[in-house]
J.: 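I am attaching a structure below and will ask some questions about it afterwards.
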Amino acid sequence: MRLEGKSLKSDFLRFIIPSIIAQWVFSLYTMVDGIFVARGVSEVALTAVNISMPFTTGLFSISILFAVGNSTIVAIFLGQGEKKRANEVFTQNVVLLCILSVLITILVTLFLEPFARFLGATDNILPYAKTYIGTIAPFSLAYILSYSFETLIKTDGYPKLATIYVTSGAVLNCILDYILVMVLHKGVWGAAFATGISQAAVIILYLWHFLGPKGTIRFAKFHLMPSEILRQIRNGMSSGVTEFSSGIIIFFFNQAILKYIGEYALVSYTIISYVNTIVVMSMAGIAQGSQPLISYYYGKNEPVKYKKLLKYGITAALVGSVGAVIVCYAGAGGIVRLFLKESEASLITYSVKVFRIFILSFLLAGLNVVLGGYFTSVERAGFATMISLTRSLVALVISLVFLTAVFGGEAIWWAPVIAESCCLVLALGFYRRYRKKENKQGF
């Protein structure tokens, strides 16, 4: 195994840096679609891509739910020296994801229009949303397997290789987006098709690793192990919900904006949601990058090392969160103008104003995500899932309802700050309880 290197700190950096880059790349897939669609089609089409984001985010969240849960189990087995069981669990996971992907493709294709309307597509947006979702749906298998393989390659001890593969897919996506949207004028269909093809192409690279001579984790014959499936779902639930949180937030914000402000504000939120996804996924990159190491040392029963890895993760999250807020506040105008033309002066001004409110939530989001990831890594799935559900659903919905009822529609932009604050109080309470239990057990 390549999980143990020169020092714990160098191992931590060796794993989280490629993981963060991979998260940026996955986030940029949809962002690049949005930029090309905004420039090459229209702002209405850009809003349709935003409306569709909960679907693409949902595909990634399913992938991460099983990938992180599977990676945790595989890393623990490898730490315990049980390579055969690790391979069996890995193979079972791939088969399960293939079955789920086919079911998702069939259901979305059959109920395309009701699904698009459920996500918030109005009559004006519906044709674009149906085209985008309908084109992505046949590539569900590529979406789900792509991130799952990327996570397992890191667990196999090759984080840099995972980054090279995922970056190759992103570069291909940019090239195809330009050709299909800007040169051939294929519109929303071209953007969606470019993304799907890029995801499918990367699968070939991942299979090259797992079927080649370098990999430790390999495909193997297995018998159905329902208990291990339930175990990986339990362990991966927090990471899956964290990934889907951006999609859930987009869904509820879209509904609230349409009800209390107006369709024009969806354009502002589309831009904000892209940046929010990148920042939250950067924090998830820290959590998921350190996960194989924490689980490995947890499996080896070395608490000093996996606790130190948590400290490294919290420090990285704090530095990253503060840096993100500074960059986004100072560069708000430039970020907004990536998507909007200078002729939309009033919309640019409004978007910059609400963007600078929203980004304050970044200061707290990193701590919540890293603490949730740590609980996943040491198989405290209940704590991890509660943290993820609170920040992405419970506290967010309550904040939206309360703020709009008391202060009106424009207060919507403060909801993430309130939700993250409530979640941090809960997360710190869980950690204090966890430490007390560990101290009693002599760790």
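We use all heavy atoms of the structure for the numbers below, so side chains are in, but hydrogens, waters and symmetry mates are not.
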J.: Is it true that Tyr132 and Phe55 have ring centroids separated by less than 6.0 Å?
T.: no
J.: Would you mind reporting whether Phe402 and Val397 have side-chain heavy atoms less than 4.5 Å apart?
T.: no
J.: Step by step, would you call Gln291 with Thr376 a side-chain hydrogen bond (donor to acceptor under 3.5 Å, both in side chains)?
T.: CA-CA 8 Å; Gln291 176 269 318; Thr376 295; over 6 Å; no
J.: Ser282 side chain to Ile20 main-chain N or O, any donor-acceptor pair under 3.5 Å?
T.: no
J.: Could you please spell out the steps behind the side chain to side chain contact (heavy atoms under 4.5 Å, CB included) verdict for Tyr269 and Ile272?
T.: CA-CA 5 Å; Tyr269 182 61; Ile272 292 170; 4.2 Å; yes
J.: Quick check: closest heavy atoms across Gly120 and Leu258, and the distance to 0.1 Å?
T.: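 Result for this residue pair: O-CD1, 3.7 Å.
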J.: Could you check if a side-chain atom of Val280 sits within less than 4.5 angstrom of a side-chain atom of Arg391, using non-hydrogen atoms only?
T.: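 Yes - at least one pair of side-chain heavy atoms lies under 4.5 Å apart.
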J.: Using every non-hydrogen atom in the two residues, find where Gly190 and Leu180 come nearest and quote the distance to one decimal.
T.: O-CD1, 3.4 Å
J.: Do Ser361 side-chain atoms and Pro416 backbone N/O form a donor-acceptor pair below 3.5 Å?
T.: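 No.
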J.: Is the backbone of Val89 close enough, under 3.5 Å, to the side chain of Asn70 for a donor and an acceptor to pair up by distance?
T.: yes
J.: Does any non-hydrogen side-chain atom of Val275 lie less than 4.5 Å from one of Cys328?
T.: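 Yes, side chains in contact.
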J.: Quick check: does any side chain N or O of Ser321 sit under 3.5 Å from a backbone N or O of Leu318, one acting as donor and the other as acceptor?
T.: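 A pair under 3.5 Å: no.
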J.: Run the side chain to side chain contact (heavy atoms under 4.5 Å, CB included) test on Phe36 and Asn173 for me, step by step, so that the C-alpha distance in whole Å, both residues' side-chain angles and the decisive distance to 0.1 Å come before the verdict.
T.: CA-CA 11 Å; Phe36 278 107; Asn173 184 41; over 6 Å; no
J.: Kindly assign one of parallel, tilted or perpendicular to the pair Phe362 and Phe358, based on the angle between their ring planes and the thresholds 30° and 60°.
T.: perpendicular
J.: When you look at Asn254 and Leu266, which way does the side chain to side chain contact (heavy atoms under 4.5 Å, CB included) test go after all the steps?
T.: CA-CA 7 Å; Asn254 286 341; Leu266 282 179; 3.2 Å; yes
J.: Are Leu310 and Tyr431 side-chain neighbours, meaning at least one heavy-atom pair lies under 4.5 Å?
T.: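 The answer is yes; the side chains approach within 4.5 Å.
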J.: Does the pair Asp123/Arg117 count as a salt bridge with the N-to-O cut at 4.0 Å?
T.: yes
J.: Are the aromatic rings of Phe118 and Phe251 close, with centres under 6.0 Å apart?
T.: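 Between Phe251 and Phe118, which both carry aromatic rings, the centre distance is below 6.0 Å.
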J.: Would you indicate whether the side-chain heavy atoms of Lys186 and Phe193 approach each other to under 4.5 Å?
T.: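 They are not in contact (no side-chain heavy atoms under 4.5 Å apart), so the answer is no.
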J.: Holding to ring-ring contact (aromatic ring centres under 6.0 Å, His included), I want the full list of residues that pass it with Tyr434, two or more places apart in sequence or in another chain.
T.: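 For Tyr434 the ring-ring contact (aromatic ring centres under 6.0 Å, His included) partners, ignoring immediate neighbours, are Tyr374, Phe375.
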J.: Go through Phe339 and Thr270 one step at a time and tell me if the side chain to side chain contact (heavy atoms under 4.5 Å, CB included) criterion holds.
T.: CA-CA 9 Å; Phe339 298 88; Thr270 298; 6.0 Å; no
J.: Looking at every heavy atom in both Ala411 and Phe407, which two are closest together, and how far apart are they?
T.: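 Heavy atoms of Ala411 and Phe407 come nearest at CB-CB, 3.6 Å.
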J.: Judged by atom type as modelled, is there a donor-acceptor pair below 3.5 Å linking the side chain of Ser61 to the main-chain atoms of Gly58?
T.: yes
J.: Is a donor on one side and an acceptor on the other found under 3.5 Å between the side chain of Ser146 and the backbone of Tyr143?
T.: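 Checked: no pair found.
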J.: Sub-3.5 Å donor-acceptor pair from the side chain of Ser140 to the main-chain atoms of Ala137, do we have one?
T.: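 Looks like yes, one N/O pair under 3.5 Å.
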J.: Within the distance-only criterion (no hydrogens, no angle test), does the side chain of Thr385 pair as donor or acceptor with the backbone N or O of Gly382 below 3.5 angstrom?
T.: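 Pair absent, no side-chain N/O of Thr385 close to backbone of Gly382.
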J.: Taking Thr105 for its side chain and Pro138 for its backbone only, find out whether a donor-acceptor pair lies under 3.5 Å.
T.: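 No, Thr105 side chain to Pro138 backbone: no donor-acceptor pair under 3.5 Å.
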J.: If you round to the nearest 0.5 Å, how far is CG of Leu367 from CG of Leu428?
T.: 7.5 Å
J.: Are the side chain of Thr349 and the backbone of Ala345 linked by a donor-acceptor contact shorter than 3.5 Å?
T.: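 Such a contact is found between Thr349 side chain and Ala345 backbone.
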J.: Does any part of the side chain of Thr131, heavy atoms only, come nearer than 4.5 Å to the side chain of Pro127, both counted from C-beta?
T.: no
J.: Verify whether the ring centers belonging to Phe355 and Tyr329 lie closer than 6.0 Å.
T.: no
J.: Report yes if some heavy atom in the side chain of Ile197 is under 4.5 Å from a heavy atom in the side chain of Phe139; otherwise report no.
T.: yes
J.: Would you mind reporting whether Val166 and Val202 have side-chain heavy atoms less than 4.5 Å apart?
T.: no
